[in-house]
Amino acid sequence: MYSNQAHDLYNDGSDITVAAAKAIKGRTFATLTVNTDDHGMALATTANTTSTVAGVFKYDVNQGELVGLARGASRVVQVTTDIPLTPGVEVQVSETGTAAAVTDGKPIGYVFQPVDDHTAYISLYH
């Protein structure tokens with residue numbers, strides 16, 4: 001069915017559905033574009049360090065397909081990381097839309113629990 005799904009550990013938020021502005025990898029951070037698709041759906045793309053984060057893509061999709069965004073304050077959801085992260089580390093969005101330890105970016109959550117070397121449960125701030 002879906003591949004590379006982001007699984008919740010805790011969910012107190014509200015998901016939304018958007019259209020993919022380009023091919024999307026699940027478990028990465030999303031940002032909304034200023035455009036909509038032909039049906040009026042908001043378009044989203046992979047976030048980067050300067051983006052406003054709209055949520056986490058819930059699974060892989062191709063351009064134009066609909067995709068769910070996991071979102072909500074205190075929600076704990078799987079996110080891809082570039083390197084292993086330890087519990088309690090605040091994270092920001094990397095240039096590739098993954099979670100990275102905060103350096104000079106805006107904190108968007110913290111590591112609740114590592115899953116493996118390239119995935120962690122992140123507790124979202126918004």
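Atoms considered below: every heavy atom in the structure, side chains included; atoms not considered: hydrogens, waters and symmetry mates. Residues: numbered from 1 along the sequence shown.
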Any donor-acceptor N/O pair, [X] side chain to [Y] backbone, under 3.5 Å:
{"X": "S51", "Y": "V53", "answer": "no"}
{"X": "T33", "Y": "L43", "answer": "yes"}
{"X": "T81", "Y": "A120", "answer": "no"}
{"X": "Y2", "Y": "G26", "answer": "no"}

Check whether any side-chain heavy atom of [X] sits under 4.5 Å from a side-chain heavy atom of [Y], and report yes or no.
{"X": "D82", "Y": "T96", "answer": "yes"}
{"X": "N4", "Y": "Y59", "answer": "no"}
{"X": "P87", "Y": "P114", "answer": "yes"}

Quick one, L124 with I108, criterion side chain to side chain contact (heavy atoms under 4.5 Å, CB included). Give me CA distance, side-chain angles, the key distance, then yes/no. CA-CA 6 Å; L124 302 176; I108 56 167; 5.6 Å; no
Kindly work out whether a path of hydrophobic side-chain contacts (I/L/V/M/F/W/Y, heavy atoms less than 4.5 Å apart) joins [X] to [Y].
{"X": "V91", "Y": "I83", "answer": "yes"}
{"X": "L32", "Y": "M41", "answer": "no"}
{"X": "V79", "Y": "V111", "answer": "yes"}
{"X": "V115", "Y": "Y110", "answer": "yes"}
{"X": "L69", "Y": "F29", "answer": "no"}

Could you walk me through whether R71 and I16 satisfy the side chain to side chain contact (heavy atoms under 4.5 Å, CB included) test, starting with their C-alpha distance in whole Å, then the side-chain angles of each, then the deciding distance to 0.1 Å, before giving a yes or no? CA-CA 8 Å; R71 50 193 312 272; I16 60 172; 3.6 Å; yes
Write down the atom of [X], the atom of [Y], and the distance for their closest heavy-atom approach.
{"X": "T52", "Y": "T31", "answer": "O-OG1, 2.8 Å"}
{"X": "V77", "Y": "A6", "answer": "CG2-CB, 3.9 Å"}
{"X": "A44", "Y": "V18", "answer": "CB-CG2, 3.6 Å"}

How many angstroms lie between [atom1] in [X] and [atom2] in [Y], if you round to the nearest 0.5 Å?
{"X": "D116", "Y": "T80", "atom1": "CG", "atom2": "OG1", "value": "9.0 Å"}
{"X": "T98", "Y": "Q92", "atom1": "OG1", "atom2": "CD", "value": "9.5 Å"}
{"X": "Q113", "Y": "L85", "atom1": "CD", "atom2": "CG", "value": "13.0 Å"}
{"X": "Q78", "Y": "Q5", "atom1": "CD", "atom2": "CD", "value": "9.5 Å"}
{"X": "I24", "Y": "E65", "atom1": "CD1", "atom2": "CD", "value": "10.5 Å"}
{"X": "Y125", "Y": "E90", "atom1": "OH", "atom2": "CD", "value": "3.5 Å"}

Using the ring centroid of each side chain, check whether F112 and Y121 are separated by less than 6.0 Å. no
Candidate pair H7 and R27, rule side chain to side chain contact (heavy atoms under 4.5 Å, CB included), full reasoning: CA-CA 9 Å; H7 296 280; R27 300 181 187 175; 4.2 Å; yes
Any chance you could lay out the salt bridge (charged side-chain N to carboxylate O under 4.0 Å, His left out) test for K58 and D15, step after step, and finish with the verdict? CA-CA 9 Å; K58 294 178 72 174; D15 293 351; 2.6 Å; yes
For N48, run the side chain to side chain donor-acceptor pair (under 3.5 Å) check against T46, T50, T45 and tell me which one passes. T50
